Amino acid sequence: MSKLRIAVQKSGRLNEDSMRILKDIGISIDNGKDQLKASAKGFPVEVFYLRNGDIPQYLKDGVVDAAIIGENVLIEKGEGIDVVEKLGFSSCRVCIAVPKSGKYESIKDLEGKRIATSYPNTVKMYLDKNGVNANLHIINGSVEIAPNIGLADAICDIVSSGSTLFKNNLKEVDTILKSEAVLAVSPKMDEERKAILETIQFRIQSVLKGRQSKYILLNAPNDKVQDIINILPGMKSPTVLPLAEKGWSSIHSVISKNEFWEVIDELKVKGAQGILVCPIEKMVL
């Protein structure tokens, strides 16, 4: 049986998040130090540990069948590569930054200016879209230092927390795109490997749904049950069980992690007591 060849970033935060989700979907990888390829135990998958910027070309050439990669890298280098799943982790932004003392009101202020970047294609698309002509200096590495040494008037680079910009006396002024990790596929993948990928996708979707949800248990007087059910839609509908104490019920349901505190506040108003909230490892719907 063929093995699905999946690429992940060799090191860094994206590598850690990628290996975590593979583990969560039951793909156990035993890779030694500096090993560039490793096979999964009990599942037809090989993991390739590659430089992030090299992965799009490996996908195009069919050297690997799929990859967990930053969306920003695909936009820059991965034309023609399809994304089959957004993964919701390793979020970042590709932003334009200028010296703190510099004046900036809009992208038009960069007309004729020098921009240092590791993302020339992304920047050029954005400038063209806004009718701005600027000179791009392609830098691989410490882009943030360019304005300080007189090489550029502005930079465009990945931003997560913004601390690196702050340390280099720069301010973020425009966001070109927002990015997260995605599951991308090679246009040359065969049908046998596509079947393996579908199984992986199903498992990933179950894990992501679990991460985005919380399991909630609470007690309520019976005359408040309907009011509480109206707040808790659950997957289909909440589970309601009678308690040993007459006139009371236990209600079990699932809520969105993003709406957690708003829902809790509303439940308390409606008479809910003994509220317990638990993480969900996986959700198979």
Side-chain angles (χ1 to χ4, degrees), residues 4-40 43 45-61 63-95 97 117-123 139-144 155-165 172 175-186 189 197 200-201 203-212:
L4 183 80
R5 300 161 298 180
I6 184 166
V8 300
Q9 184 176 312
K10 186 177 179 181
S11 60
R13 186 166 65 98
L14 183 53
N15 167 273
E16 295 169 4
D17 289 339
S18 300
M19 299 312 296
R20 178 188 169 197
I21 198 166
L22 289 177
K23 182 179 179 181
D24 287 348
I25 65 172
I27 296 178
S28 178
I29 308 293
D30 184 15
N31 64 304
K33 186 178 180 181
D34 298 327
Q35 192 171 349
L36 298 180
K37 185 177 75 170
S39 294
F43 197 87
V45 162
E46 284 183 315
V47 175
F48 288 65
Y49 301 92
L50 305 173
R51 286 179 52 197
N52 213 29
D54 294 338
I55 292 175
Q57 193 61 51
Y58 279 88
L59 286 167
K60 290 178 183 178
D61 295 341
V63 177
V64 295
D65 306 300
I68 298 175
I69 186 172
E71 197 173 9
N72 58 297
V73 180
L74 282 187
I75 291 171
E76 178 65 26
K77 297 184 175 182
E79 185 178 0
I81 297 174
D82 291 333
V83 171
V84 295
E85 201 75 48
K86 292 197 172 190
L87 302 176
F89 56 77
S90 296
S91 297
C92 66
R93 319 182 287 285
V94 178
C95 297
T117 185
S118 301
Y119 296 89
N121 295 328
T122 304
V123 177
I139 297 178
N140 294 317
S142 301
V143 176
E144 296 85 0
I155 70 163
C156 183
D157 202 17
I158 288 179
V159 176
S160 294
S161 66
S163 61
T164 304
L165 295 181
E172 182 181 333
T175 299
I176 289 182
L177 64 90
K178 293 182 179 180
S179 173
E180 64 183 271
V182 297
L183 180 64
V185 296
S186 169
M189 183 166 45
L197 180 68
I200 287 176
Q201 267 190 269
R203 294 187 182 188
I204 286 175
Q205 289 166 0
S206 299
V207 169
L208 294 180
K209 287 170 186 171
R211 289 182 182 179
Q212 294 161 7

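Values in this document were obtained by computation on a predicted structure and should not be read as measured data.
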Check: Who passes side chain to side chain contact (heavy atoms under 4.5 Å, CB included) against Ser28, sequence neighbours left out?
Finding: Lys41
Next item on the list: Using the test side chain to side chain contact (heavy atoms under 4.5 Å, CB included), find all partners of Glu16 that sit at least two apart in sequence or belong to another chain.
Entry: none
Are [X] and [Y] side-chain neighbours, meaning at least one heavy-atom pair lies under 4.5 Å?
X	Y	answer
Val8	Phe48	no
Asn15	Lys10	no
Ile200	Val45	yes

For [X] against [Y], the heavy-atom pair lying closest together:
X	Y	answer
Ile21	Leu208	CD1-CD2, 4.0 Å
Val143	Cys156	CG1-O, 4.3 Å
Leu87	Glu180	N-OE1, 3.4 Å
Ile81	Pro56	CD1-O, 3.4 Å

Gap between atom [atom2] of [Y] and atom [atom1] of [X] - 0.5 Å precision:
X	Y	atom1	atom2	result
Ile55	Lys77	CD1	NZ	10.5 Å
Ile25	Phe43	CD1	CZ	6.5 Å
Arg211	Ser206	CZ	OG	12.0 Å
Asp65	Glu46	CG	CD	9.5 Å
Cys92	Leu177	SG	CG	8.0 Å
Lys23	Ser18	NZ	OG	14.5 Å

Next item on the list: Let me see the working for Asp157 and Ile139 under side chain to side chain contact (heavy atoms under 4.5 Å, CB included), right down to the final yes or no.
Entry: CA-CA 10 Å; Asp157 202 17; Ile139 297 178; over 6 Å; no
Verify, without hydrogens or angle tests, whether [X] (side chain) and [Y] (backbone) share a donor-acceptor contact under 3.5 angstrom.
X	Y	value
Thr117	Ile155	no
Ser186	Leu59	yes
Gln9	Asn52	no

Next item on the list: Start with the C-alpha gap between Ser91 and Lys178, add the side-chain angles, then the distance that decides, and say whether side chain to side chain contact (heavy atoms under 4.5 Å, CB included) holds.
Entry: CA-CA 8 Å; Ser91 297; Lys178 293 182 179 180; over 6 Å; no
Please set out all donor-acceptor pairs under 3.5 angstrom arising from side-chain atoms of residues 66-76, sequence neighbours excluded.
{"from": "Glu71", "atom 1": "OE2", "to": "Lys86", "atom 2": "NZ", "distance (Å)": "3.2"}
{"from": "Asn72", "atom 1": "OD1", "to": "Ser179", "atom 2": "OG", "distance (Å)": "3.0"}
{"from": "Asn72", "atom 1": "ND2", "to": "Tyr119", "atom 2": "OH", "distance (Å)": "3.1"}
{"from": "Glu76", "atom 1": "OE1", "to": "Asn121", "atom 2": "N", "distance (Å)": "3.3"}
{"from": "Glu76", "atom 1": "OE1", "to": "Thr122", "atom 2": "N", "distance (Å)": "2.8"}
{"from": "Glu76", "atom 1": "OE1", "to": "Thr122", "atom 2": "OG1", "distance (Å)": "2.7"}
{"from": "Glu76", "atom 1": "OE2", "to": "Asn121", "atom 2": "N", "distance (Å)": "3.0"}
{"from": "Glu76", "atom 1": "OE2", "to": "Asn121", "atom 2": "ND2", "distance (Å)": "3.3"}

